[in-house]
Amino acid sequence: MNFLNKKKILLIICGGIAAYKSLEIIRLLKKKGAFVKTILTRNAKKFVTPLSVVSLSQEKVYSDLFDYKNESEMDHISLSRWSDLLLIAPATANTISKLSYGLADDLAATVTLASNKQVFLAPAMNVRMWEHQSNKDNIKKLKSFGYKLIGPNIGDMACGEYGEGKMSEPSEILNLLEDHFKGLTNLKKKRALVTAGPTQEFLDPVRFITNRSSGKQGYEIANSLNKNGFDTTLISGPSSQIADDGINLIKVRTVEDMFRETISNLPVDVAVFSAAVGDWKIKKYSKDKIKKTDNIVINLEKNIDILNNISNHNSLRPKLVIGFAAETENIHSNAKKKLLDKNCDWIIANDVSDEKIGFESNENAVSIFYKNEEKEDIKKTTKAHLANQIVDRILNHLN
Ligand code: CTP
């Protein structure tokens, strides 16, 4: 089966001697039936001509940011939305550095920054540039964004030196892109469900009890699952986070709603319960607004435990059940207890007493407790990067 047929590839060619190989990439992609739109950076035009790209791709070439003709036909956002995948080949040290800092000073960098698709990079540069610490740091950062690297290879370079930094061959690049789409096709059959955010329990029509969860970590996990080809449902309590296109987002408020929606979206292959579910609900809801008095006694009763219910379900238990444990003390013993009590396969524990990694923050550090007694610590990093690391482990487990 040809997995590149009818796929939309946005190819960004940067200014390096390896740019000539990108013409071969276009030729091979077209042969496979893919649609190829190309962005040439200013320097790339010194190595390959727009005319050769147009002739091979049968599409117009994009180059300038805010060019009135481009923007009226297809602006920089539509260009990134159009594609199924972004390939930057050759990716020069300059572009790699710009992307790692989020610069958006030309069309190539802006489109990449605005993209919500998988980005592949095929670096090409001199061996000393490749090995320079600043380039290494940039590459590490790009990997943490979820960008995938192709090569570079080791060999003789155009500059006469020898070492790592040669752009991968077009046929190698094509094989990897094809593997990527093949993986997505197989994974599309796999389904994921994520719960995220806080819940609200209403006292009367205007007041409710909630918690400090922002939903960031759960949304990042859902976005990463979606990017990796899972058919993803995200059941979210009130949150200002944005779910990527393609995610089946279901917004709820109360625990009862979250439970009902979770059950009705099963079966799935993997379920990640990251929501900060309210443990109690109001015993007696008042349909009229409660008038102000000096004192008020609120009676609470226990809510249903969504995770516990699903992980012990006879017929609907997902193959992989992952719970979270938000703790302020005795993290390890509490997490281990939750792993057993809630019949999970993994528990991801974090210390919410630390303001820098707890609720509402952009960073997180966790320990994953596996059913087989093993434990793995993941160092403090952005919630987006952490989500990618968790999803990598999910992929390994399911494969
Ligand atoms: N959870 C759930 N339904 C609940 C309570 C918790 O699905 N009613 C899930 C959470 O999404 C999380 C895990 O259970 O994956 C642990 O949640 P946590 O709040 O850490 O633990 P609790 O069970 O509420 O226990 P405690 O508050 O006493 O620590």
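Each residue takes its place number in the sequence, starting with 1.
- Between K342 and D305 there is a salt bridge, with a side-chain nitrogen of the basic residue lying less than 4.0 Å from a carboxylate oxygen of the acidic one.
- Taking the ring axis of F369 as reference, the NZ or CZ atom of K336 does not stay both within 45° of it and closer than 6.0 Å to the ring centre.
- Residue-environment remark: CZ (R253) stays at or below the threshold of 12 foreign heavy atoms within 6.0 Å.
- Remark: E363 does not engage K383 in a salt bridge, criterion side-chain N to carboxylate O under 4.0 Å.
- The main-chain N or O of T92 is never found under 3.5 Å from a side-chain atom of T95 such that the two would form a donor-acceptor pair.
- Side-chain atoms of S22 never come within 3.5 Å of backbone atoms of I25 as a donor-acceptor pair (strictly under, hydrogens ignored).
- Nearest heavy atoms, S63 versus K45: OG-CE, 2.9 Å.
- Side chain of D204 to main chain of I290: a donor-acceptor pair is present (N/O by atom type, distance under 3.5 Å, no hydrogens or angles).
- The local environment of NZ in K337 is sparse, with at most 12 non-hydrogen atoms from other residues, nucleotides or ligands closer than 6.0 Å.
- In terms of hydrophobic clustering, with Ile, Leu, Val, Met, Phe, Trp and Tyr side chains grouped at heavy-atom distances under 4.5 Å, F181 and L28 are assigned to a common cluster.
- Defined by atom type and a distance below 3.5 Å, a donor-acceptor pair is present between the side-chain atoms of N312 and N343.
- Counted within 6.0 Å of NZ on K289, heavy atoms from surrounding residues, nucleotides or ligands total 12 or fewer; the atom is thus considered open.
- The minimum heavy-atom distance between A19 and I13, with the atom names listed, is CB-CG2, 3.8 Å.
- A donor-acceptor pair shorter than 3.5 Å can be found between the side chains of T49 and S52.
- Under 4.0 Å is where a charged nitrogen must lie from a carboxylate oxygen, and between D64 and R42 no such pair does.
- Under the rule for a ring-ring contact (aromatic ring centres under 6.0 Å, His included), the partners of H397 that lie at least two apart in sequence or sit in another chain are W346.
- Other residues, nucleotides and ligands contribute at most 12 non-hydrogen atoms within 6.0 Å of the NZ atom of K143.
- A cation-pi arrangement is found for K141 relative to Y101, the charged atom lying closer than 6.0 Å to the ring centre and inside a 45° cone about the ring normal.
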For this session: Under the side-chain contact (heavy atoms from CB on, under 4.5 Å) rule, what do I96 and L142 come out as? Steps first, then yes or no, please.
Result: CA-CA 8 Å; I96 286 171; L142 294 183; 3.8 Å; yes

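- Partners of Y147 according to the ring-ring contact (aromatic ring centres under 6.0 Å, His included) rule, which considers only residues two or more places apart in sequence or in another chain, are F145.
- Not one N or O on the side chain of R393 forms a donor-acceptor pair closer than 3.5 Å with the backbone of I368.
- A donor-acceptor distance shorter than 3.5 angstrom exists from the side chain of N334 to the backbone of E329, with no hydrogens or angles considered.
- The cationic atom of K216 (NZ for Lys, CZ for Arg) does not lie both less than 6.0 Å from the six-membered ring centre of Y219 and within 45° of the ring axis.
- With W280 as the aromatic partner, K302 does not meet the cation-pi criteria of under 6.0 angstrom to the ring centre and within 45 degrees of the ring axis.
- A salt bridge does not link K190 to D231: none of the charged side-chain nitrogens sits closer than 4.0 Å to a carboxylate oxygen.
- Distance alone, capped at 3.5 Å, is enough to place a donor-acceptor pair between the K30 side chain and the S57 backbone.
- Linking ILVMFWY residues whenever their side-chain heavy atoms come closer than 4.5 Å, directly or via other members, places L398 and V194 in the same cluster.
- Ion pair K319/D269 flagged as a salt bridge, since at least one NZ, NE, NH1 or NH2 atom sits closer than 4.0 Å to an Asp/Glu carboxylate oxygen.
- For NE2 of H132, the number of neighbouring non-hydrogen atoms (other residues, nucleotides, ligands) closer than 6.0 Å is 12 at most.
- Few gaps surround CD1 on I263; more than 12 heavy atoms of other groups in view lie less than 6.0 Å from it.
- Salt bridge annotation for K21-E24: absent, with no cationic side-chain nitrogen under 4.0 angstrom from a carboxylate oxygen.
- Checked for salt-bridge contact, D257 and R260 meet the test: a charged N lies under 4.0 Å from a carboxylate O.
- A salt bridge links K375 to D377: at least one charged side-chain nitrogen sits closer than 4.0 Å to a carboxylate oxygen.
- Listed by chain and number, the residues in a ring-ring contact (aromatic ring centres under 6.0 Å, His included) with H180 are F120 (sequence neighbours excluded).
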